[in-house]
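Working notes, beginning with the structure itself.
Numbers here simply count residues along the sequence, with the first being 1. Hydrogens, waters and symmetry mates are skipped; everything else that's a heavy atom, side chains included, is used. Being a predicted model, the structure only gives us computed values, none of them experimental.
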Amino acid sequence: QVQLVESGGGLVQPGGSLRLSCTASGSTLDYHAIGWFRQAPGKEREGVSCINRSDGSTYYADSVKGRFTISRDNAKTLVYLQMNSLKPEDTAVYYCAGDPDLYCSGDGILGEDFHSWGQGTQVTVSS
């Protein structure tokens, strides 16, 4: 069974940056859409960003637009989420999720549409 694994979380001061990585035990090429979600304590899961393998198109939630960038590496075996200008409200557990058939559009992403999930990585933004 292909599994996704996140890395790169940690503690950062407000205004700082982190880069999260998502890799698959098989290959991220197995997934057409790779998305990033986050969940803070007491809050609902939020779809943050998504990228499509076929055309490289991306989606961003309004809360992160202009600050976060999703990308795939050239070999398309890793997906990154570059997070800049981090705010305390970005504190959450971040999960990557993949689906072999989904095309993520500009309308947003829903967790129930993704087939596979990672275990999550904690991001804490605090001074």
Side-chain angles (χ1 to χ4, degrees):
Q1 182 179 357
V2 178
Q3 293 184 335
L4 297 172
V5 180
E6 306 92 341
S7 62
L11 173 65
V12 64
Q13 292 185 341
S17 298
L18 281 176
R19 188 178 75 166
L20 305 183
S21 299
C22 174
T23 187
S25 60
S27 171
T28 54
L29 287 173
D30 292 334
Y31 303 103
H32 180 266
I34 297 283
W36 285 96
F37 292 80
R38 66 186 181 185
Q39 189 162 22
K43 294 188 177 181
E44 292 187 355
R45 182 174 59 194
E46 178 187 14
V48 173
S49 184
C50 188
I51 188 167
N52 294 305
R53 184 186 68 219
S54 57
D55 58 9
S57 57
T58 58
Y59 159 81
Y60 296 97
D62 287 343
S63 58
V64 305
K65 201 170 292 183
R67 300 187 298 122
F68 290 11
T69 302
I70 191 171
S71 64
R72 290 186 187 245
D73 73 348
N74 290 338
K76 298 184 178 179
T77 60
L78 283 167
V79 174
Y80 300 106
L81 185 68
Q82 177 68 42
M83 306 186 296
N84 298 329
S85 302
L86 282 162
K87 306 174 182 180
E89 51 263 44
D90 294 317
T91 296
V93 178
Y94 283 71
Y95 301 88
C96 70
D99 192 271
D101 301 315
L102 180 67
Y103 184 89
C104 46
S105 70
D107 296 330
I109 53 174
L110 298 175
E112 50 263 42
D113 292 335
F114 287 79
H115 179 264
S116 301
W117 289 80
Q119 294 298 309
T121 185
Q122 176 71 46
V123 171
T124 303
V125 185
S126 175
S127 55

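- With sequence neighbours left out, the side-chain contact (heavy atoms from CB on, under 4.5 Å) criterion links S127 to P14.
- Atom CD1 of I109 is separated from atom CD of E46 by 9.0 Å, given to the nearest 0.5 angstrom.
- Here the two rings, on F68 and W36, have centers that are 6.0 Å apart or farther.
- Residues G120 and E6 approach most closely at N-OE1, 2.8 Å, considering heavy atoms.
- Of the inter-residue distances, the one linking H115 atom NE2 with L102 atom CG reads 12.5 Å to the nearest 0.5 angstrom.
- For the side-chain contact (heavy atoms from CB on, under 4.5 Å) test, residues two or more places apart in sequence or in another chain that qualify with R19 are Y80, Q82.
- Once rounded to the nearest 0.5 Å, the distance linking CD of Q119 with CG of L4 reads 10.0 Å.
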- Message: The test is side chain to side chain contact (heavy atoms under 4.5 Å, CB included); show your working for S49 and L81 and say whether it passes.
- Response: CA-CA 8 Å; S49 184; L81 185 68; 4.1 Å; yes
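- Taking hydrophobic clusters as Ile, Leu, Val, Met, Phe, Trp and Tyr residues chained together by side-chain heavy-atom distances below 4.5 Å, Y59 does not share a cluster with L20.
- In the hydrophobic clustering of ILVMFWY residues, with side-chain heavy atoms under 4.5 Å counting as a link, M83 and V12 come out together.
- Note on residues 90-100: pairs passing side chain to side chain donor-acceptor pair (under 3.5 Å), not counting sequence neighbours, are R38-D90, R38-Y94, R67-D90.
- With sequence neighbours left out, the side-chain contact (heavy atoms from CB on, under 4.5 Å) criterion links S105 to D107.
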- Check the pair F114 / C50 against side chain to side chain contact (heavy atoms under 4.5 Å, CB included), numbers first and verdict last. CA-CA 11 Å; F114 287 79; C50 188; 4.0 Å; yes
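- Checked against side-chain contact (heavy atoms from CB on, under 4.5 Å), K65 has the following partners two or more places apart in sequence or in another chain: Y60, D62.
- Other residues sharing a hydrophobic cluster with L11 under the 4.5 Å side-chain heavy-atom criterion for ILVMFWY residues do not exist; the residue is a singleton.
- In this structure, I70 CD1 and I34 CD1 are separated by 8.0 Å, a value rounded to the nearest 0.5 Å.
- Between F37 and W117, the ring planes lie tilted relative to each other; the angle falls in the 30° to 60° range.
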